[in-house]
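In listed order, ligands and their atoms are each counted from 1.
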Amino acid sequence: MDFSKLVELYEELENTSSGNKLREILAEFFKQVPKEDLAVITYLTLGKISAEYESAVLGLADKTVLKAISVAGGVESSKVKKLMQEQGDAGLVAEIILKKKPTTLVPLGKLTVTELFQKLHQIVETSGTGSQEKKTNILVTLLQKSPAKGAKYIARIALGTLRMGVAEMTVLDALAIAYTKEKKNKEYLEKAYNICPDVGIIAETIAKKGLKGLAKIEISVGRPIKMMLAQRVSQLEDVHKKIPGKFAVEGKYDGERVQAHKDNNGKITLFSRRLENNTNQFPDLVKYLEKQISAKTFIIEAEILAIDEKGEPQPFQVLMQRRRKNDIQEYIKKIPVQAKVFDILYLDGKTVFQEPFENRITLLKKIVKQSKHLTLTEQIITDNLETVESFFQKMLKEGYEGIMMKSLQGEYQAGTRGWNWIKWKKDYLQDLNDTLDLVVVGAFYGKGRRSGTYGALLCAAYDQKNDQFLTVCKLGTGLTDELLAELPQKMKKYLLKKRAARLVVKKEMEADVWFTPHLVVEVLGAELTKSPFHTLGLALRFPRFLRFREKNAEQATTKKELEEMFER
Ligand code: AMP
């Protein structure tokens with residue numbers, strides 16, 4: 001397919017500010033796309049060149065992209081720089097400059113979507129001496145071959161800032177409409193996506209093999225599975241209503257979740273909760289897994305904690321120092337880790353995540369050889385709430401944040417906040433019994449001491465049913481001066497020209513700047529009240545910032561959860 005067709009789509013999407021309309025436009029487009037181009041188109045439309053979890057990420061520096069624009073347009077770099085200062089967006093600069101691009105001696109031909117995709121991959125894969133120049137050259141060719149309007153999007157994709165307002169869930173909705181004629185069939189696409197979080201594969205499968213083909217998609221070692229999340233109850237007694245009979249109770253430590261995969265060649269890959277490949281960060285853990293798990297292939301899940309020399313757990317902030325690109329060996333010694341293994345999803349060529357949890361525990365006990373650095377999570381099995389309560393108190397004393405109660409018969413519900421897992425944390429709120437994880441969707445400029453940065457952040461919850469973000473509070477308290485000073489820089493990547501299409505706001509909450517729903521913050525609040533100013537219909541009173549969370553926007557607290565909390 002010609003890239004110019006995709007450019008027409010992007011122009012239409014860019015002029016749309018309603019989430020529903022985005023879906024319709026995308027669905028119409030998907031219907032007409034040659035099936036073999038579909039995967040590539042879904043990646044590009046999300047501003048990517050591979051599945052979310054793969055490390056092929058574009059994010060060239062402004063400088064590189066501006067250089068390519070100046071070469072492709074045959075314009076002096078000082079002129080390009082000046083335009084950039086005026087426009088503030090390399091995409092617009094590319095469009096303006098390339099409108100008057102010089103004709104080349106040899107006609108370049110039309111740019112196809114496949115060629116664009118391959119060349120963008122080449123850019124990512126080029127490394128070593130002279131790579132900067134090679135990358136720029138590839139980009140120059142792309143800009144020259146593209147129509148001027150397309151240059152705008154190429155520049156943005158290269159920078160990693162396409163932001164069409166389309167997210168993975170929007171694509172799944174549109175695919176359901178285009179290939180099954182029923183939006184409600186998205187449920188099946190989402191189910192497949194939870195065990196294969198690669199929109200390209202989902203798109204190609206539904207287009208070529210329909211819903212039947214989709215149901216056959218299986219777990220594949222080396223490709224992460226979307227992680228299961230836990231539900232919450234407002235009083236411990238409610239656990240019995242959700243999980244009849246005996247259940248497993250485990251310590252819930254506040255560390256970093258990891259999904260570890262070992263493939264047929266013995267290669268181990270680690271994925272974070274956001275499904276990012278973070279193997280390079282934990283070479284020590286890779287060794288422990290190699291030595292202490294006796295299985296040819298596996299997918300297991302664990303919580304990583306920092307420990308001291310005696311093996312005592314350290315606070316979350318200590319572990320955070322392991323999140324680094326440099327001095328890894330030094331930090332392995334300085335901050336040793338322990339992985340507390342709590343689940344197994346795949347073992348020796350067989351998918352086991354749908355087996356009852358009690359069978360999975362048995363498998364884990366068989367294959368994990370425990371040490372200070374790799375252990376099984378503390379666990380008891382009971383149906384007695386007094387026993388649960390005393391286990392909970394014991395865990396708190398040992399530095400845990402709470403417990404997890406898990407159904408022994410339950411399967412691992414990939415990508416779902418399911419009732420097979422119920423969390424119970426220490427009450428650190430007066431009225432609400434848990435903190436909220438909210439998405440930062442906008443910001444208001446600060447005044448006085450906060451001038452020059454943001455004074456407050458507009459936060460939203462996720463409406464799963466409609467794939468939308470609904471605002472619930474303005475957050476200013478708890479943000480230290482240091483943090484505030486860093487915020488504009490931290491948020492730069494997510495800045496938008498206008499409100500995100502999936503965000504719904506009342507006019508009273510029109511923010512000064514808008515962000516792509518991405519960053520999640522943990523917020524403590526006093527109570528929920530009805531509110532005409534927030535689109536959720538509820539407002540969180542006296543919100544206080546606690547910390548940034550490693551979650552995707554769609555993993556934030558949901559509208560449904562907040563409504564249930566309010567009811568309680
Ligand atoms: P929350 O982030 O509050 O929804 O709690 C779920 C998180 O608790 C998981 O993503 C894990 O990172 C963490 N966790 C700690 N211990 C366990 C455990 N025993 N089982 C499952 N998750 C655990």
Trainee: Under 3.5 Å, is there a donor-acceptor pair between the Thr558 and Gln464 side chains?
Mentor: no
Trainee: Hydrogens and angles aside, do Tyr400 and Glu378 bring a side-chain donor and acceptor to less than 3.5 Å of each other?
Mentor: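 On atom types as modelled, these side chains qualify, holding a pair under 3.5 Å.
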Trainee: Look at Lys191 together with Glu187 and state whether they make a salt bridge at an N to O cut-off of under 4.0 Å.
Mentor: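 Salt bridge between Lys191 and Glu187, a charged N being under 4.0 Å from a carboxylate O: no.
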Trainee: Out of the candidates Lys246, Lys406, Gln409, only one should pair with Glu358 under the side chain to side chain donor-acceptor pair (under 3.5 Å) rule; please name it.
Mentor: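 So, applying the side chain to side chain donor-acceptor pair (under 3.5 Å) to Glu358 and each of Lys246, Lys406, Gln409, only Gln409 qualifies.
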Trainee: Is it the case that Asp198 and Tyr43 place a side-chain donor and acceptor less than 3.5 Å from each other?
Mentor: yes
Trainee: For ligand 1, run through the N/O pairs with the protein that fall under 3.5 Å and put one pair on each line.
Mentor:
| unit_1 | atom_1 | unit_2 | atom_2 | d |
| --- | --- | --- | --- | --- |
| ligand 1 | 2 (O) | Arg273 | NH1 | 3.3 |
| ligand 1 | 2 (O) | Arg273 | NH2 | 3.3 |
| ligand 1 | 3 (O) | Lys423 | NZ | 2.9 |
| ligand 1 | 3 (O) | Lys425 | NZ | 3.2 |
| ligand 1 | 4 (O) | Lys423 | NZ | 2.8 |
| ligand 1 | 5 (O) | Lys252 | NZ | 3.0 |
| ligand 1 | 8 (O) | Lys252 | NZ | 3.1 |
| ligand 1 | 10 (O) | Arg257 | NH1 | 2.8 |
| ligand 1 | 10 (O) | Arg273 | NH1 | 2.6 |
| ligand 1 | 12 (O) | Glu303 | OE1 | 2.5 |
| ligand 1 | 12 (O) | Glu303 | OE2 | 3.3 |
| ligand 1 | 19 (N) | Glu250 | OE1 | 2.8 |
| ligand 1 | 19 (N) | Gly251 | O | 3.2 |
| ligand 1 | 20 (N) | Lys406 | NZ | 2.8 |

Trainee: Distance from Arg223 atom CZ to Ile195 atom CD1, nearest 0.5 Å?
Mentor: 7.5 Å
